[in-house]
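Below is one structure, written out as structure tokens, with a few remarks after it.
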Amino acid sequence: MRALRCLQIGLAALATVACGGKKSGGGDAGGGEASGEFVAAGAQPTPSGMGAGSFGGAIPPIVKANTDGCISTEAFFADRIWQPAIRPCATCHKAGGLYESQGGDLFVLDPAGDLHIDYAAALATAQVEAAGESLLPRRARGEDGHKGGVVFPTSREEYALLATFASHARTPVECSDDPELAEATEDAGPESPAAGGGEDDTAGDTGGAVAGCQGPFALFQSETWKGALASCTGCHMAGGFYEVSGGQDFVLTAGGATVANFAIVKTLAARNAESGAPLLVVKSSGGAGHQGGAVLAAGSDGAEALGALVESLRDPAQCAAGSSEQTESEAAEAEGLTLLSPEATLRRAAIRLAGRIPTLSEHASVAQGGIPALEQAVAAMMTEPAFYRHLKHLFNDLLLTDGVKFENRWTGVIDFALPSSLLNFPLTWGNFPGYLPNNDLNGAAADGMAREPLELIAHVVRQNRPFTEILTAKYRLLNRLGAEALKYDPASLGFQGAADDYDEYIEMQLPQINGEYAGILTTTAFLYRYPDTGSNRNRKRARYFYKNFLGFDIMKDSVRIDLSKVDLTASPWRNNAACTGCHKVIDPVAGAFQNWTNCYGSNKLVYLQKSERYCGNGPWFAASDMFQPGTGPESAASKIPPEETHRALELLAAATVQKRAFARTMTGHVVSGLVGTGGSSELREATIETLTDAFIDSSHDLKALVVAIVKTPLFRAQGATALLGPEKLHDKIASTMGHAWGVANSKVLAAQKPRRNDDPHHLLSMKKYRLLAGGIDSVQITRRATNASTLHAAVSSRMAYEMSCEYAAQDFALPAAQRTLFPYVERQLLPTPANKPAILQNLAHLHRRFLGEDLAAGDAELEATWALLVDAWQTGKTKIEAGSVSSSLTSECRADTLPDSGAAVQNGYSDDPQFVVRAWQAVLAYVLLDYKTLYE
Amino acid sequence: MQANRRDLLRYGLGLAAFGLTSRAAAAPGGAGILWVNVQANGGWDQALFCDPKPALRGPHLVAGDSLLRQAGNIPYLSFADFGAAPDQGFFGKNHAALTVINGIDTATNNHDVGLRYSSSGSINDGFPCLSAQLAAVLEGGAALPFIDGGGGYGEAGGLIVPARILGENVPQFAPVFNYLKSTATSNTFAHPDIAAKVHAAHLARLSRLAASAALPEEKRAVETLITARTGQEKLANVAIPPAKQVSGGLTDYIVRLIDFAFNAHQAGQSVSLNLSFGGFDTHDDNENGQRNALKRLLAHVDYIMERAEDVAFGGANKRKVVVVVNSDFGRTPHRTGSGTDHWQIASMLVLQSSLVRGTLQLPSDTVIGATDANLGALKVNPTTLALDANGVTLTPGHIVNALRRAAGVAQSPKLTPYPIELAQELALG
């Protein structure tokens with residue numbers, strides 16, 4: 001029955017692990033339980049080269065075999081051909097790729113790598129002949145003017161395999177997978193080699209066919225996805241033309257026949273066209289205004305299959321389908337993920353969201369109240385300043401607008417001298433006109449303006465407004481200095497904070513920009529970070545607009561081009577088919593940015609009035625020279641009328657936030673920023689899709705999204721850790737130690753206010769270790785480190801040694817009840833067996849506080865830490881007795897003055913006659929060095 | 001012979017029977033070399049220097065900048081001397097070390113794709129850059145095998161953890177490296193033995209964590225930290241270079257990063273370095289833009305070669321260095337206003353220091369490939385490397401593949417996931 005259950009789960013990707021994964025990964029090729037379902041004695045007929053030993057453990061679970069040992073051509077394709085010889089072709093031959101954009105329609109592979117679609121395309125191509133030979137190997141070796149040239153020389157094994165596949169393409173081997181097979185497999189039970197044996201609980205065909213009945217999900221998997229719906233993926237995949245054109249209801253995602261895609265189809269299947277017929281069926285035949293025209297001919301196999309699926313979905317009583325109702329927890333379990341307890345999840349959430357460990361009351365509350373209490377705790381964290389700091393970092397990882405901060409580049413974005421323009425870039429410090437009293441203030445003003453996009457995001461979330469406002473905000477958000485730099489009197493603008501509070505940002509109207517406000521899009525920082533040039537005509541801005549807000553990167557869409565056949569003198573971006581595929585997407589949005597320009601080569605960023613557009617050189621580019629401004633890819637519906645161009649970005653923003661792609665892109669980014677590694681890509685995709693729906697349903701409530709993310713298996717999976725960036729590591733150290741690393745220089749911090757370009761904290765300063773600890777400067781280094789390099793290790797080692805030195809002795813000087821590190825021991829307490837119980841209590845405290853480990857007495861890790869303490873103590877004590885080590889602490893490690901203030905320590909001391917303090921120092925360094933300190 | 005050896009390997013025949021055992025067991029030819037990849041971001045205009053087209057660019061240059069000059073066997077445009085005497089210009093000084101490859105078809109006008117293709121040899125997303133490929137195979141336990149100066153294509157493809165740092169970071173190394181020296185940690189624990197015990201206990205704990213990791217990803221992360229922790233001690237052997245006063249197009253912090261990489265390499269702790277230089281996307285003002293960007297880039301390449309030849313100290317401490325210089329693609333033959341646009345045909349430069357020349361089966365003081373008057377690629381005979389209408393059109397894959405072969409890493413199992421597929425390899429490397 002386990003086999004049947006696995007089939008009914010039906011989540012193909014998860015079934016890989018739950019049903020076939022262990023098996024396929026666990027055995028040798030051609031033998032043992034791993035290959036039992038694929039190999040049988042006397043197997044026949046088999047394509048040449050397909051001996052029993054040829055099917056290794058990595059065979060996708062889609063492979064079909066029956067008890068006769070039959071191995072289908074599709075199985076052969078899946079095992080030997082698909083990844084090495086077919087998927088490389090997807091660079092050009094994917095749906096929406098260069099091949100298709102140039103009219104090719106035969107060999108169109110699935111962008112997401114769906115085996116069935118790829119098999120169908122490869123088979124169809126292999127069945128076509130040229131010069132008496134299959135097209136597939138011919139093209140692979142560069143014949144027939146293959147534009148991709150030689151993909152596989154004839155000497156390559158991949159070529160030989162392609163040729164073998166092609167030789168069988170005319171009469172592909174199809175093995176029986178009739179009910180008898182399923183029954184036989186089920187009857188065989190889990191111990192039978194025919195069923196995979198051992199712990200495995202799947203039958204040979206995880207494609208979803210259940211004996212005697214195919215539920216809708218099984219139909220979807222086994223028939224419709226690879227057949228009828230394959231016609232839809234060209235336009236309806238996420239990021240495809242349907243979505244970037246504003247479509248939301250039918251956006252399929254990577255991963256193939258996943259639950260997420262099934263859910264989308266299921267929802268649509270319930271709808272009717274005006275005629276009363278199922279909308280999906282009507283659209284597929286070109287009706288109901290389907291822009292893709294007729295993709296399935298009436299009466300065709302595809303149309304029949306789609307109709308059958310719709311019927312099955314509308315009548316779920318047909319047979320028990322299951323599958324789509326599978327919970328995320330079940331999905332996680334199926335992937336082998338173990339979820340953290342609510343308390344452990346709380347710790348992870350507190351560190352990732354608020355940069356701190358949980359409070360005792362939070363812990364107690366969640367221990368008692370479970371997930372509902374966790375939700376409340378997470379919601380409360382989102383009122384803390386640290387949450388907004390990290391939220392801004394998270395979104396800077398996407399927008400990279402901090403790249404125009406003084407802190408990062410020592411250049412700024414403000415021109416105080418140009419009344420008709422707002423800003424000028426780059427200005428060095430020396431070039432500042434001195435409007436503000438000194439360069440420190442100028443730098444702070446520039447940084448304030450550079451931070452506007454991120455502050456806007458924080459502002460919208462803090463005010464509990466729909467997240468769509470990050471693009472639709474009809475105001476600018478400036479701090480006191482930014483306003484002052486733009487010649488406004490801060491006193492009249494309503495700032496509430498102190499005169500030197502530059503963290504306060506308020507909403508402002510700027511008459512200079514003629515009322516065009518589009519949230520981040522009209523911030524100085526965004527426009528400078530992605531400038532235009534004379535001939536790119538704002539296309540860079542358009543590219544990053546799509547990438548950042550709609551999750552569509554045009555640079556990954558069309559890879560190859562042959563310019564030798566393009567007349568570059570005749571506006572090819574408008575007129576040549578080799579170019580227009582991309583440009584009809586990019587250029588309308590570029591046109592929407594037309595009011596904001598660097599005057600095509602000038603550094604000045606200028607807002608242009610209607611009559612000045614194109615820097616006094618007339619209006620925007622003619623329709624004959626450039627696709628006209630729009631709110632999306634070229635179409636009548638998205639076109640921005642000429643009379644509306646003065647607020648083109650507002651229209652673009654308004655259209656954008658209506659698109660599901662916007663919600664999904666934002667959701668995906670927050671998920672990426674908060675969850676760790678682990679979990680399959682299918683689970684990630686499914687999670688993001690589910691969260692996107694919830695995000696939209698909540699009116700784009702980001703806080704609700706964060707709470708939802710924390711509850712997902714992806715977030716809660718044990719071992720799903722992530723390297724903490726320098727900003728979070730800084731906060732975590734401050735939280736666990738009670739002191740930040742680098743506060744010894746914090747006197748400088750006060751002196752440097754308001755200029756924040758040299759934060760004295762080691763992990764936050766660009767001039768110290770922020771980059772070495774895996775951070776980014778948003779210009780040259782734009783991706784955070786995901787694993788520790790040697791430099792990172794060196795920095796964190798210094799942190800561990802330095803912090804343990806500075807604060808171990810300090811902590812012992814406090815009354816026990818006030819101690820952070822050593823509340824259960826005294827510095828006179830020797831680590832002898834007699835004192836072990838008390839010491840273990842403190843060691844457990846350190847493990848819990850720093851590493852999130854709740855260890856009971858006798859735990860091997862506690863014993864290991866105890867052993868280190870004893871070893872360090874005995875070694876040091878012996879050396880003191882031998883006179884090779886002083887009985888006093890070194891000056892750096894004494895409890896005499898407070899590192900952050902220089903004040904004298906009450907009850908301070910510098911002696912350590914028994915080497916106990918230093919032994920504890922060693923233990924403290926040990927936990928600070930640990931993987932679980934650096935990763936969370 | 002090269003092809004035969006590969007065939008032998010492919011068919012799994014023992015090399016001992018052919019008397020090749022000792023060679024096969026030897027370190028790859030690329031070991032001991034500092035490999036530097038300099039990337040010209042934005043698409044450089046090869047017609048202005050190494051693929052000289054005075055007819056195309058001359059009308060937009062002052063007369064003295066559009067002269068066809070020759071340095072050794074390498075023709076170039078006088079533009080690239082930037083007013084210096086020919087023997088003091090980049091080509092005059094470096095022609096003996098230099099191989100110019102012209103007429104390389106990058107098959108794209110897409111910045112991201114072009115830079116990836118030129119810097120990695122593959123058009124595929126996620127393919128590791130050449131520096132990462134070389135470092136992964138040749139690292140030999142080095143602490144900083146691949147130093148990525150940022151800004152360009154530095155994908156490591158999971159082969160190795162890159163050290164992504166800027167020149168501005170170099171002064172920050174000293175306090176970290178020095179602290180980790182035993183004297184510094186002695187101040188913390190009073191005696192280096194204690195630091196050693198902490199370190200040993202830490203590594204033992206990491207091993208336990210790796211063994212009990214809940215997920216494969218977690219296990220890999222712990223193991224990476226073990227590698228990093230093991231390597232960090234070696235950093236103390238790397239001398240931190242002082243800041244230098246620079247001129248002539250050099251940038252002080254980039255020079256300092258180069259110096260650091262040289263020191264790391266000398267200490268046996270580094271294999272490769274990536275540098276990138278922007279300013280080449282000259283849509284608006286081609287000649288002025290290219291002049292500024294190219295002058296800066298070539299000045300740094302020249303500096304690297306001077307370091308390699310130890311010019312400042314009379315050549316007493318010459319170093320093995322190979323510099324590969326590439327761009328996203330080239331610039332169009334025609335103009336858009338004062339600017340030029342993206343052109344899929346590109347050029348690359350490979351420079352070998354004197355200690356390397358003759359050891360890698362790479363030529364020098366030569367030009368491979370060519371373009372026609374309108375920068376169209378001409379085909380090359382893959383065996384003779386001469387122009388041949390029946391030959392192959394060069395691609396970045398040909399060049400990177402040749403460099404992989406020259407370095408002796410092409411057959412490394414570490415690069416098996418990243419094959420460079422070619423119809424015909426060049427007789428290089």
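Bear in mind that the values here come from a model prediction, so they are computed numbers and not experimental data. By convention in this document, chain letters (A, B, ...) are assigned in the order of the sequence lines, proteins followed by strands, and residues within each chain are numbered from 1.
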- prompt: Which region of Leu771(A), side chain (C-beta onward) or backbone (N, CA, C, O), has a non-hydrogen atom less than 4.5 Å from a non-hydrogen atom of chain B, or is it both or neither?
  reply: both
- request: Kindly indicate whether the side chain of Arg783(A), heavy atoms from C-beta on, has any atom under 4.5 Å from the side chain of Arg164(B).
  value: yes
message: Would you say that Asn169(B) contacts Tyr769(A) through its side chain, given a criterion of any heavy-atom pair below 4.5 Å between the two side chains?
response: no
- prompt: Got a donor-acceptor contact below 3.5 angstrom from the Glu217(B) side chain to the Thr677(A) backbone?
  reply: no
message: Do Tyr935(A) and Val222(B) make a side-chain contact, defined as non-hydrogen atoms from C-beta onward lying under 4.5 Å apart?
response: no
task: Against chain B, label Leu929(A) side chain, backbone, both or neither, depending on which of its atoms sit under 4.5 Å from a heavy atom there.
output: both
- prompt: Taking Thr569(A), Asn787(A), Thr782(A), Thr721(A) one by one, which has the highest count of heavy-atom pairs under 4.5 Å against chain B?
  reply: Asn787(A)
query: What are the two closest non-hydrogen atoms of Tyr931(A) and Leu206(B), and how far apart are they?
result: CB-CD2, 3.7 Å
pair Glu168(B)-Gln780(A): side-chain heavy atoms closer than 4.5 Å: no
- prompt: Are Gln921(A) and Ile194(B) close enough that some pair of their side-chain heavy atoms sits under 4.5 Å apart?
  reply: no
- prompt: Given that the side chain runs from C-beta out, which part of Ala720(A) has a heavy atom under 4.5 Å from chain B: side chain, backbone, both or neither?
  reply: both
message: Given heavy-atom pairs under 4.5 angstrom as the criterion, report whether the side chain, backbone, both or neither of Leu869(A) touches chain B.
response: neither
field: By salt bridge (charged side-chain N to carboxylate O under 4.0 Å, His left out) - contacts of Lys547(A) (at least two apart)
entry: none
query: Is any side-chain heavy atom of Pro175(B) closer than 4.5 Å to a side-chain heavy atom of His762(A)?
result: no
- prompt: Which residues in residues 885-892 of chain A have a heavy atom less than 4.5 Å from any heavy atom of chain B?
  reply: Val885(A), Thr890(A), Glu892(A)
- request: Assess whether side-chain contact (heavy atoms from CB on, under 4.5 Å) is satisfied between Gln172(B) and Leu772(A), documenting all intermediate values.
  value: CA-CA 9 Å; Gln172(B) 303 157 3; Leu772(A) 304 190; 4.0 Å; yes
message: Distance alone, cut at 3.5 Å: any donor-acceptor contact between the side chains of Ser796(A) and Arg229(B)?
response: yes
message: Between His191(B) and Arg918(A), is there a side-chain heavy-atom distance shorter than 4.5 Å?
response: no
